[in-house]
Protein chains: 2
Amino acid sequence: MTAPDPTADQAETSYVSVDVLALRFDHDRRAVQLGIGIRATAPFAGRPALPGVLLRRGERLGEAGRRALGKIGVTDPTPAMGQLITFDEPNRDPRGPTLSVALWAVADSTGTADWVPLDTPPALAFDHARIVADCRDLLAGMLWRDLHFTRALTGPVFAAADALDVHASLTGRPADRGNLNRVLAGLPGLTKDGVQVARGRGRPSALWRWQDDAPDGTA
Amino acid sequence: MTAPDPTADQAETSYVSVDVLALRFDHDRRAVQLGIGIRATAPFAGRPALPGVLLRRGERLGEAGRRALGKIGVTDPTPAMGQLITFDEPNRDPRGPTLSVALWAVADSTGTADWVPLDTPPALAFDHARIVADCRDLLAGMLWRDLHFTRALTGPVFAAADALDVHASLTGRPADRGNLNRVLAGLPGLTKDGVQVARGRGRPSALWRWQDDAPDGTA
DNA sequence: TCAAAAGTGTTGGCTATACACCCATGG
DNA sequence: CCATGGGTGTATAGCCAACACTTTTGA
């Protein structure tokens, strides 16, 4: 406010990239997976990386996130998404200084991505391994608390066994069945649905169903 | 990754501004205050605003935060600072689309700022009132938990009465004396210092002193 | 009828909150 | 000696993790 410096205020700014942790629960592999793309262009051409784009002028973070998802063939027009953290290491991109805003998103289709386990991702381009590591703790903290995130990840109906698998993938440790059942029972908008399906040897899981806000396409 | 679009990747990006919630505990007014500057240039010339600058190419968020603090005359070369959230409403700046990364910082001097109470700030330029409102809850949650933040705000030595005032300013509700004393007793690196100073009519407060990492200048 | 998978119950520890009571100081 | 501000102790409720026990299924 004192000593205004117009030239400083109009200096060229860093680029802003939006990098997306695209998530998906694989019912068969019983794990949360991360959507990875193979970079087609330099730098790091041919190497796996998080889907990311440079933010366009005037673009909202969510729009950029959807473009990034398009890079791995996920084209849902209204994916569940949210903001995580902003990384500012100036050397994280060899093309030049680039801010990275990390977003999470839940994919509804497999697209063209490689889906790798979130807890043991392969080596990634840029500082993406570090981004994944830092954000996994945040995602674990959001599970069962941020219902927008949780509902997207579990889908409209899920078995109690799925909840255990999701918890294990995100936190790295298995959850206690009893405690998790009580957590689920306490979540608003979630009810136990008497129907159950057999999956293997033991007793079938109970099913939980989210209510309200149109599951997909009914609105 | 599929269908790479080099032109899109090199599109012009939004500007990035860094806006700082400069904080200070006023021992006399017994409240946490927010440092405000009067804008010297358009837009919103003459109106109060958070100190903010446009991020330069290759600049780290912390560096930009220090430049912003310079705008209100705070020149500490190593202020305590941290990241809050990133705002992306495209119309928040009439000059054009601008991302805003909100930081907190603790000022060691009064500089040239207007220091207003954090809990009742005046009308501010841009969407700064909204930023302050959103971030105050985050700051309240950091108190007594994020020790870097807490120690900076309280200073190296503080009275128990100050702790009550800080808590009230940030959360909006008075703290219970007894419970707060126990919280303080449980914080690592903080010890009760038998010395005490009289301030008014009643019994003098106990003093608490932070240990370790050189208070200021002893290292 | 047994092992695997799932659901229910119980306990102990930690935290948060409220409140009652005792202590030190200035007028 | 009493109002004012400060410190200590205690009781309660809620949350969370751990673990024991029961139920349902497939083989």
Side-chain angles (χ1 to χ4, degrees), chain A residues 25 27-31 137 140-147 150 154 157-188 190-209, chain B residues 25-31 137 139-147 150 154 157-188 190-209:
Chain A
F25 174 66
H27 193 273
D28 296 326
R29 295 184 189 276
R30 309 185 57 162
D137 297 336
M142 289 162 58
L143 187 63
W144 317 128
R145 279 182 251 273
D146 181 328
L147 297 190
T150 301
T154 61
V157 180
F158 64 98
D162 297 334
L164 280 171
D165 296 334
V166 168
H167 185 103
S169 282
L170 258 50
T171 67
R173 297 179 323 173
D176 182 280
R177 295 173 180 283
N179 297 330
L180 186 50
N181 276 336
R182 270 182 290 273
V183 168
L184 294 178
L187 293 186
L190 187 63
T191 52
K192 192 187 286 193
D193 203 333
V195 187
Q196 35 201 31
V197 285
R199 188 175 56 172
R201 267 198 280 289
R203 173 175 174 175
S205 290
L207 290 181
W208 295 84
R209 171 170 279 119
Chain B
F25 175 65
D26 186 318
H27 193 273
D28 296 326
R29 295 184 189 275
R30 310 184 55 162
D137 297 335
L139 295 170
M142 289 161 58
L143 186 62
W144 316 129
R145 277 182 251 273
D146 182 328
L147 297 189
T150 301
T154 61
V157 179
F158 64 97
D162 298 333
L164 280 170
D165 296 334
V166 168
H167 185 103
S169 282
L170 257 50
T171 66
R173 297 179 322 173
D176 181 281
R177 295 173 180 284
N179 298 330
L180 186 50
N181 276 335
R182 270 182 291 273
V183 169
L184 294 178
L187 293 186
L190 187 63
T191 51
K192 192 187 285 194
D193 203 333
V195 186
Q196 34 201 32
V197 285
R199 187 175 58 173
R201 268 199 279 287
R203 173 177 175 175
S205 289
L207 290 181
W208 294 84
R209 171 170 279 119

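Computed over heavy atoms, backbone and side chain alike; hydrogens, waters and symmetry mates excluded. Protein chains get the first letters and strands the later ones, always in sequence-line order, with residue 1 at the start of each.
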Would you say that B/D162 contacts B/S205 through its side chain, given a criterion of any heavy-atom pair below 4.5 Å between the two side chains? no
Do the side chains of B/F25 and B/T154 get nearer than 4.5 Å, heavy atoms only? no
Return whichever of A/N181 or A/G202 has its heavy-atom-nearest nucleotide of DNA chain C closer to the 5' end. A/G202
In whole angstrom, what separates A/R203's CZ from D/dT24's P? 6 Å
Between the protein and nucleotides 14-18 of chain D, which nitrogen or oxygen pairs are less than 3.5 angstrom apart?
residue	atom	partner	partner atom	Å
D/dA17	N7	A/N179	OD1	3.3
D/dA17	N7	A/N179	ND2	3.4
D/dA18	N7	A/N179	ND2	3.1
D/dA18	N6	A/N179	OD1	3.2
D/dA18	N6	A/R182	NH2	3.3

Nearest to side-chain heavy atoms of B/R201, which nucleotide of D/dT24, C/dA5, D/dT4: D/dT4
By nearest-heavy-atom nucleotide on DNA chain D, the more 5' of A/P204 and B/R30 is B/R30
Judged by atom type as modelled, is there a donor-acceptor pair below 3.5 Å linking the side chain of B/T150 to the main-chain atoms of B/W144? yes
Measure the distance from CG on B/L184 to P on D/dG6 and round it to the nearest whole Å. 13 Å
Check the phosphate of D/dG6 against B/K192, side-chain N and O only, distance under 4.0 Å to OP1 or OP2. Yes or no? no
Provide, to the nearest angstrom, the distance between the CG atom belonging to B/L164 and the P atom belonging to D/dG5. 12 Å
What are the two closest heavy atoms between A/D176 and A/N179, and how far apart are they? OD1-N, 3.0 Å
Side-chain contact check for B/R177: nearest option of C/dG7, D/dG7, C/dA24 is D/dG7
Which heavy-atom pair separates B/R30 from B/D165 by the least distance, and what is that distance? NE-OD2, 2.9 Å
Shortest non-hydrogen contact between B/A175 and B/L164, atoms and distance: O-CD2, 3.5 Å
Taking all non-hydrogen atoms of both residues into account, name the closest pair between B/L170 and B/A140 and its distance. O-CB, 3.5 Å
Heavy-atom pair with the smallest gap, counting every atom of B/L184 and B/A163: CD1-CB, 4.1 Å
From CH2 of B/W208 over to C1' of D/dG7, roughly how many Å is that when rounded to an integer? 11 Å
Return the polar atom pairs (N/O with N/O) between nucleotides 11-14 of chain C and the protein under 3.5 Å, or none.
none

Return the minimal non-hydrogen interatomic distance between A/H167 and A/L143, and the atom names on each side. CA-CD2, 3.7 Å
